[in-house]
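Following: one structure in structure tokens, then a few remarks.
First the proteins, then the strands, lettered A, B, ... as listed; each starts at 1.
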Amino acid sequence: MSIPDGLLYTRTHEWIRKDATEWTIGITDHAQTELGDVVYVELPEAGAMLDKDAVFGTVESVKAVSDLYAPIAGKVLEANLSLSDNTAAVNQDPYGSGWMIRIEPHDIESSPTFLSAAEYAEYLKESDH
Amino acid sequence: MKEEPLIFEKSVPGRTGATIPTCDVPEQPIRDLLPGVQLREALPLPELSELDVVRHYTRLSHRNYAIDLGFYPLGSCTMKYNPKAHEAIARLPGLTRLHPMQDVAQVQGALALIYAVEGALAEIAGLEAATIQPAAGAHGELLSMMMIRAHYQSHGMERTVVLIPDSAHGTNPASAARCGFTVRSLPTDSRGLTDMQALKAGLSEQTAALMLTNPNTLGLFESEVLEICRLVHEAGGLVYCDGANMNAIVGKARPGDMGFDVMHFNLHKTFSTPHGGGGPGCGAIAVGKTLAPYLPMPRVTRLSTGSYDWIRVGDHSVGRIHTFYGAFLVAVRAYAYLRTLGFEGLREVAETAVLNANYVRARLASHYHIPYPERCMHEVVLSTSKQRSKNGVKALDISKRLMDYGFHPPTNYFPLIVPEAMMIEPTETESKETLDAFCDAMIAIAEEAETDPELVKNAPHSTVVGRLDETAAVKQLDVRWRNVGDTVPTDS
């Protein structure tokens with residue numbers, strides 16, 4: 001199970017890469033393993049405004065449909081449109097070419113505390129029955 | 001068994017299955033009879049003898065799995081055996097040859113039957129009235145939410161939020177959203193029941209309804225259902241019962257007595273209509289006093305003279321939701337079932353369904369993880385998480401391996417809140433011998449997962465095709481045969 005250092009994680013299995021003014025968001029290796037082969041990804045359009053914890057998209061696999069949750073409020077700068085043709089990227093390269101959206105975060109001061117790689121690994125261990 | 005080619009691939013030019021007699025009327029050119037746009041020069045139909053065709057389809061039919069062939073423990077689907085006598089009754093010419101436009105004087109028996117079935121369903125539900133119009137369970141859900149919306153609209157009230165536990169069938173939030181409601185999910189607590197604190201916190205003057213499945217999809221009875229309904233009513237909302245699991249409580253407990261305002265039945269699950277083949281089905285609903293004015297039209301009524309008639313107009317009715325009056329012959333089977341069993345028999349259905357599920361639970365408990373190990377109702381949810389973390393064997397692998405043992409796999413990966421879920425619903429119609437054979441297979445597979453995990457991961461080994469590329473099946477679905485080089489007719 002890959003959990004790269006340097007990224008932040010949510011309890012709903014998204015990862016966040018923080019750059020100077022923008023955040024890149026995707027789903028974790030654990031999430032894609034649980035989902036199985038992804039067949040469809042629905043993402044917001046560039047310019048869409050997201051509320052914190054709002055559903056910003058859905059991932060459909062052969063097994064289930066899952067919502068994607070915005071870890072922070074912000075404006076969508078870009079969605080990864082290549083996923084519409086190449087959903088396999090979510091399974092094969094969840095932290096790279098399988099990224100989902102880039103956002104310009106708003107209200108960073110009130111942003112919740114995310115999990116570090118080590119904390120996320122611990123969280124997965126605890127929630128594994 | 002070997003691969004069966006497509007019927008097109010078996011075609012031999014010039015071969016036919018029938019000899020058409022010589023034409024004994026003057027022939028006319030087809031172009032004089034039909035517009036040219038509807039004519040094609042070549043019609044690429046397969047050319048085969050009658051025997052070729054019979055063998056082709058008979059061979060394919062042998063690859064079906066059906067309740068008539070074996071155990072079918074598909075959880076949440078109630079794949080029970082439906083008596084053949086009810087099929088014979090539903091095929092009586094006096095019932096099948098009715099026309100829905102016939103004068104009511106000529107169809108009094110059919111109207112009486114609908115009236116009796118709706119009356120019995122209302123009684124089983126513990127509610128005021130019922131309709132057999134909805135075509136399926138999700139249609140019954142949709143109708144229920146339409147009626148709830150109509151109720152608030154006619155009272156000039158704005159209530160927009162529908163609460164739904166996270167263990168619910170996905171059709172619940174879909175039906176609510178389709179009616180314009182905002183859906184809020186409620187968590188399940190450590191007992192596998194609706195989280196009461198989250199329910200209390202979620203209720204407000206915005207609450208339109210709670211959609212609750214009882215027993216829920218974990219196969220557990222919502223033991224606090226009285227308090228749940230009280231709380232929702234206190235907040236001014238209504239409570240809908242998803243009756244998908246009615247087989248567990250039919251004749252034993254009535255949703256109306258629990259406080260529900262509306263519920264749906266799947267007549268094709270609980271009341272003796274074979275299903276799984278795409279219909280027709282019936283998602284009858286029953287309603288209490290609050291929602292009765294919004295029932296769809298037309299409705300059957302019994303006049304003071306003792307004869308039956310249609311009521312076609314209702315001031316508050318949500319309108320018609322099915323052509324004519326729904327799937328009448330499904331109601332016929334339900335009537336046959338109700339009359340055969342009576343209320344005593346119905347109770348025994350529920351009791352045996354619950355007993356059978358608990359027998360399976362008890363036999364498998366030491367071999368598989370049971371996340372909510374309390375006594376269950378009509379179905380039991382296992383998790384294969386033990387097998388997965390130890391040997392990498394998933395629920396899907398165990399299901400595929402069950403096919404080698406001759407069983408239809410249980411439902412996989414539902415409810416969503418249980419990792420590696422297998423949902424087993426044996427139903428009341430199975431013998432102890434069948435249940436034992438299934439449990440023996442499950443235990444043998446748990447053993448194989450330890451000693452030879454690859455055997456399980458690569459199953460099935462006995463079927464014509466093994467693991468299919470499910471992603472390609474979704475992404476590149478192509479169900480149309482086309483001869484190479486054929487011109488493609490444009491769709492108009």
Side-chain angles (χ1 to χ4, degrees), chain A residues 1-3 10-13 27-43 50-70 81-94 97-98 121-129, chain B residues 164 166-174 177 182-185 187-188 190 192 217-218 368-373 381-390 392 394-397 399-400 409 411-423 457 467-477:
Chain A
M1 189 67 56
S2 161
I3 307 175
T10 69
R11 287 181 169 77
T12 48
H13 309 291
I27 65 168
T28 65
D29 191 26
H30 169 80
Q32 71 80 16
T33 308
E34 286 299 310
L35 280 167
D37 290 342
V38 172
V39 294
Y40 185 67
V41 180
E42 188 182 350
L43 295 173
L50 302 177
D51 289 333
K52 181 177 151 356
D53 297 330
V55 172
F56 75 77
T58 53
V59 180
E60 184 175 343
S61 73
V62 292
K63 222 161 84 174
V65 180
S66 286
D67 288 331
L68 299 165
Y69 296 97
L81 299 178
S82 74
L83 294 183
S84 63
D85 290 329
N86 182 26
T87 51
V90 178
N91 294 111
Q92 288 156 8
D93 190 14
S97 58
E122 187 59 29
Y123 170 69
L124 290 184
K125 218 155 118 195
E126 279 167 23
S127 45
D128 185 24
H129 307 265
Chain B
I164 304 176
D166 57 8
S167 60
H169 292 103
T171 44
N172 283 188
T182 303
V183 174
R184 298 258 163 80
S185 180
T188 297
S190 58
T217 62
L218 291 163
Y368 291 91
H369 175 56
I370 301 189
Y372 302 98
V381 177
L382 309 177
S383 168
T384 64
S385 54
K386 255 193 333 201
Q387 284 76 11
R388 174 159 176 192
S389 52
K390 198 157 170 224
K394 300 184 207 167
L396 183 74
D397 303 324
S399 287
K400 299 281 188 198
T411 298
N412 278 193
Y413 302 113
F414 187 81
L416 301 174
I417 53 175
V418 174
E420 298 299 320
M422 287 183 95
M423 187 191 215
K457 285 185 205 173
R467 303 262 174 144
L468 301 171
D469 183 345
E470 293 180 55
T471 316
V474 176
K475 298 281 285 185
Q476 294 149 29
L477 183 65

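- Contacts of residues 27-36 of chain A with chain B at a heavy-atom distance below 4.5 Å involve Thr33(A), Glu34(A), listed in sequence order.
- Counting heavy-atom pairs closer than 4.5 Å to chain B, the top-ranked of the candidates Asp37(A), Val39(A), Val65(A) is Val39(A).
- For NZ of Lys400(B), the number of neighbouring non-hydrogen atoms (other residues, nucleotides, ligands) closer than 6.0 Å is greater than 12.
- Note: Thr471(B) leads Leu416(B), Thr471(B), Leu396(B), Asn412(B) in heavy-atom pairs under 4.5 Å with chain A.
- For Arg467(B), the CZ atom counts as densely surrounded, since its 6.0 Å shell holds more than 12 non-hydrogen atoms of other residues, nucleotides or ligands.
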